[in-house]
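The first residue in the sequence is number 1, and the count goes up from there. Keep in mind it's a predicted model, so treat the numbers as computed, not measured.
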Amino acid sequence: KKRVAKKPAATVAVTESAVPAPSQGTPAPTPAKPAKPGSPQQIAQGLLGSFGWSPSQFACLNPLWEHESGWSVSSQNAGSGAYGIPQALPGSRMASAGPDWRTNATTQIKWGLQYIKSTYGSPCAAWSHEQAAGWY
């Protein structure tokens with residue numbers, strides 16, 4: 001099982017069960033603004049298509065990773081040790097995307113998007129799970 005924890009909560013195992021439908025109280029994501037050139041957000045926007053997603057998926061990815069790490073490549077959860085933009089647990093899981101996983105936003109984002117695709121299918125499904133369960 002892959003694990004991802006939101007900060008500062010304790011580590012939570014991510015299961016591969018069906019993603020629950022968002023509750024009726026779950027707000028719809030707002031349309032994404034264009035990201036600053038060279039920012040992690042712009043990198044992520046540029047990679048969405050390579051995972052088979054439309055640009056509209058960024059409206060879900062942005063609040064998900066803003067909540068998890070503030071889009072910080074060096075974000076670390078003191079309680080669980082989850083690391084980086086996608087809060088991988090352990091952070092070294094991201095080494096499968098590149099040896100520079102500790103410091104490279106592109107490497108972390110590629111790993112995080114692959115994790116989302118294999119676990120939830122899309123950023124909006126991951127965001128829905130985060131909204132319903134409090135973690136992804």
Side-chain angles (χ1 to χ4, degrees):
K1 291 182 185 176
K2 293 180 182 174
R3 293 176 164 223
V4 176
K6 79 177 198 181
K7 60 182 183 180
T11 303
V12 180
V14 175
T15 64
E16 300 207 15
S17 61
V19 176
S23 66
Q24 290 184 355
T26 302
T30 57
K33 298 178 194 173
K36 292 182 182 177
S39 68
Q41 293 90 335
Q42 184 189 44
I43 294 166
Q45 285 176 323
L47 289 170
L48 290 173
S50 67
F51 287 85
W53 300 318
S54 73
S56 67
Q57 288 290 316
F58 188 74
C60 298
L61 183 65
N62 190 43
L64 177 66
W65 283 354
E66 182 63 39
H67 175 75
E68 291 294 320
S69 65
W71 287 90
S72 172
V73 72
S74 60
S75 177
Q76 186 164 8
N77 181 309
S80 70
Y83 189 83
I85 293 167
Q87 288 292 280
L89 184 61
S92 61
R93 284 188 176 275
M94 292 186 288
S96 64
D100 57 355
W101 63 269
R102 286 180 183 88
T103 58
N104 189 306
T106 300
T107 300
Q108 291 185 7
I109 291 164
K110 284 179 180 178
W111 182 89
L113 293 176
Q114 183 56 51
Y115 170 78
I116 287 170
K117 183 172 184 132
S118 66
T119 306
Y120 299 100
S122 72
C124 286
W127 179 235
S128 291
H129 188 274
E130 171 79 28
Q131 293 280 296
W135 55 270
Y136 91 109

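- When all heavy atoms of Y83 and M94 are compared, the pair lying nearest together is O-CE, 3.5 Å.
- Between L89 and N77, every side-chain heavy-atom pair lies at or beyond the 4.5 Å cut-off.
- Between P86 and Q108, some side-chain heavy-atom pair lies under the 4.5 Å cut-off.
- Ring geometry, W135 versus H129: the interplanar angle exceeds 60°, so the pair is classed perpendicular (tilted spans 30 to 60°).
- Across E68, H67, Q131, a single residue satisfies side-chain contact (heavy atoms from CB on, under 4.5 Å) together with Y136, and that is E68.
- No side-chain heavy atom of P123 sits under 4.5 Å from any side-chain heavy atom of L64.
- Between W127 and E130 the shortest side-chain heavy-atom distance falls below 4.5 Å.
- Interatomic distance, W53 CH2 to L61 CG, rounded to the nearest 0.5 Å: 8.0 Å.
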| task | Apply the test side-chain contact (heavy atoms from CB on, under 4.5 Å) to residues W65 and Q41: give CA-CA distance (whole Å), side-chain angles for both, the deciding distance (0.1 Å), then the verdict. | result | CA-CA 9 Å; W65 283 354; Q41 293 90 335; over 6 Å; no

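- Interatomic distance, OG of S92 versus CZ of R102, reported as 8.0 Å (0.5 Å rounding).
- Nearest heavy atoms, L47 versus L113: CB-CD1, 3.8 Å.
- One finds the CD1 atom of I43 at 9.0 Å from the CH2 atom of W71 (value rounded to the nearest 0.5 Å).
- Heavy-atom minimum distance, I85 versus P40: CD1-CB, 3.9 Å.
- The aromatic rings of Y120 and Y115 stand perpendicular to each other, their planes meeting at an angle above 60°, with 30° marking the opposite boundary.
- The two residues F58 and A44 have their closest heavy-atom pair at CE1-CB, 4.2 Å.
- Residues S54 and L48 approach most closely at O-CD1, 4.0 Å, considering heavy atoms.
- S96 places a side-chain N or O within 3.5 Å of a backbone atom of R93 that can act as its donor or acceptor partner.
- Nearest heavy atom pair, residue K117 against residue G52, reads NZ-N, 4.4 Å.
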